[in-house]
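Here the structure comes first, spelled out in structure tokens, and everything after it is commentary.
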Amino acid sequence: MLTLYYSPGAASLCVHQFLIELGVEHRLERVDFETKQQKSAEYLKLNPGGVVPTLIVDGEPMVESGAMLMWLAEQDPQARFVPGDGGRARREYLQWFLLLANALQPPFRGWFYPQEPAGEAASAQAKEIARGRIEAMWDRVNAHLEQRGPYLCGAQLTAVDFFLFMLMRWSRNMPKPATDWPYCAMFAATMKTRPSFKTLYEREGLSEWA
Ligand SMILES: N[C@@H](CCC(=O)N[C@@H](CS)C(=O)NCC(=O)O)C(=O)O
């Protein structure tokens, strides 16, 4: 049985939704951010970065939400969420996983934890830089979805779409949320119709951006 260490709405969200979507049996362990449980000695043994999510597989901890999505998608006997043709869609799948993890997730860290790169005094500036990087990525994602959509790899919904959907959700209270871009908005609206989204919200006790 898999165990997911999570915090509501955090980077664990895409993994949680994907587990529901796949119908894979799992157990949830909530990590309490209020008490900084993610920095406790016990949790750091599982995830030395002191962040969520952590997925326990056969007693072994795994970190990085994008890697978890890729791995879970591979375990699915019908491989429903992996483009299997080895061609364009497969290339896009790998490209977008790495692009989102390298170029979009880090500026979100900068937006939510702006003191990290250069201390409290520089946090307003760090936040503006992060915002610019995030918005530039929505331009890019929007252009791709316009040309290639409705999903990142074309007609097939794949694991990487769950990653993108979570990142879009993180922008909901920003001055320009992802849904200000029309093709991003269409993508988000489509993803919200999935039954896994409703179950996820019930389980994590979420209501914003429903
Ligand atoms: N690249 C990591 C990012 C994980 C991450 O930054 N998680 C945040 C929540 S979204 C966290 O645990 N923050 C608590 C902290 O840094 O103390 C992943 O996708 O797994």
Side-chain angles (χ1 to χ4, degrees), residues 2-22 24 26 28-57 60-75 81 93-120 123 126-127 129-131 133-134 137 141 152 158-174 177-178 188 191 197 200-201 203-209:
L2 302 173
T3 301
L4 178 68
Y5 284 81
Y6 84 107
S7 172
S12 40
L13 181 139
C14 60
V15 182
H16 189 185
Q17 183 179 5
F18 199 48
L19 285 165
I20 296 167
E21 187 77 39
L22 290 167
V24 170
H26 59 279
L28 293 174
E29 280 286 346
R30 186 172 174 154
V31 178
D32 185 2
F33 278 11
E34 291 291 313
T35 59
K36 289 234 172 281
Q37 195 191 340
Q38 74 275 23
K39 308 296 183 206
S40 67
E42 202 186 336
Y43 186 75
L44 288 173
K45 279 188 214 149
L46 303 176
N47 188 323
V51 292
V52 298
T54 304
L55 186 67
I56 310 294
V57 185
E60 293 291 330
M62 177 180 190
V63 301
E64 285 302 325
S65 56
M68 291 171 203
L69 291 177
M70 286 193 228
W71 180 76
L72 287 168
E74 285 171 14
Q75 301 308 301
F81 300 101
Y93 178 76
L94 297 171
Q95 171 194 295
W96 281 99
F97 255 124
L98 291 191
L99 197 53
L100 296 177
N102 285 323
L104 186 53
Q105 211 185 11
F108 267 114
R109 181 98 202 163
W111 175 261
F112 289 117
Y113 303 86
Q115 73 288 355
E116 280 184 352
E120 287 292 346
S123 52
K127 222 169 158 163
I129 291 168
R131 177 185 163 181
R133 289 175 64 198
I134 291 167
M137 277 301 288
V141 170
L152 282 172
T158 71
V160 72
D161 294 304
F162 292 86
F163 199 30
L164 176 62
F165 183 49
M166 174 184 77
L167 296 169
M168 285 184 174
R169 183 179 183 278
W170 288 357
S171 73
R172 68 194 180 281
N173 295 321
M174 291 185 68
M191 292 298 287
F197 180 65
L200 170 80
Y201 262 48
R203 289 217 207 150
E204 297 205 358
L206 300 172
S207 53
E208 252 188 281
W209 210 64

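Quick note: residue numbers are just sequence positions, from 1. Treat the numbers as computed from the prediction; the structure is a model and nothing was measured. Both counts, for ligands and for their atoms, begin at 1 and track the order of listing.
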Practice item. Just jot down the ligand 1 atoms closer than 4.0 angstrom to any heavy atom of Pro53, in number order. Key: 20 (O)
Review point. Can you check whether Leu2 reaches Met68 side chain to side chain, under 4.5 Å on heavy atoms?
Key: no
Check your understanding: Should we say atom NZ of Lys39 is surrounded by more than 12 heavy atoms from elsewhere, each under 6.0 Å from it?
Key -> yes
Point to revise | Test of proximity, Gly66 against ligand 1: N or O pairs below 3.5 Å | key: no
Check your understanding: Can you tell me if Tyr113 has a non-hydrogen atom under 4.0 Å from ligand 1?
Key -> yes
Review point. Taking the six-membered ring for Trp, are the ring centroids of Trp71 and Phe18 within less than 6.0 Å of each other?
Key: no
Review point. Can you tell me which residue and heavy atom of the protein come closest to atom 9 (C) of ligand 1, and the distance to 0.1 Å?
Key: Ala10 CB, 3.7 Å
Practice item. Measure from atom 16 (O) of ligand 1 to every heavy atom in Arg109, Glu116, Met166, Gln105 and give the option owning the shortest one. Key: Arg109
Review point. Phe112: heavy atom below 4.0 Å from ligand 1, yes or no?
Key: no
Point to revise | Partner set under side chain to side chain contact (heavy atoms under 4.5 Å, CB included) for Glu120, not counting sequence neighbours | key: Gln115, Ser123
Exercise for review: Could you check atom 10 (S) of ligand 1 against the protein and tell me its nearest heavy-atom contact, residue, atom and distance included?
Suggested key: Ala11 N, 3.2 Å
Practice item. Please work out which of the three classes, parallel, tilted or perpendicular, describes the rings of Phe108 and Trp170, given edges at 30° and 60°. Key: perpendicular
Check your understanding: For atom 1 (N) of ligand 1, which of Lys39, Lys36, Glu64, Met62 has the closest heavy atom?
Key -> Glu64
Study note, to complete from the structure: Nearest non-hydrogen protein atom to atom 20 (O) of ligand 1, with distance, is Ser65 N, 3.0 Å
Review point. Where do Leu167 and Val141 land on the side chain to side chain contact (heavy atoms under 4.5 Å, CB included) test, with the steps shown first?
Key: CA-CA 12 Å; Leu167 296 169; Val141 170; over 6 Å; no
**Study point:** Spacing of OG belonging to Ser65 relative to CD belonging to Gln105, to within rounding of 0.5 Å
**Key:** 4.5 Å
Review point. Of all the atoms in ligand 1, which lie at a distance below 4.0 Å from a heavy atom belonging to Gln38?
Key: 14 (C), 15 (C), 17 (O)
Review point. Does any non-hydrogen side-chain atom of Gln38 lie less than 4.5 Å from one of Asn47?
Key: no
Exercise for review: Write out the residue and atom name of the closest protein heavy atom to atom 12 (O) of ligand 1, then the distance separating them to 0.1 Å.
Suggested key: Val52 N, 2.8 Å
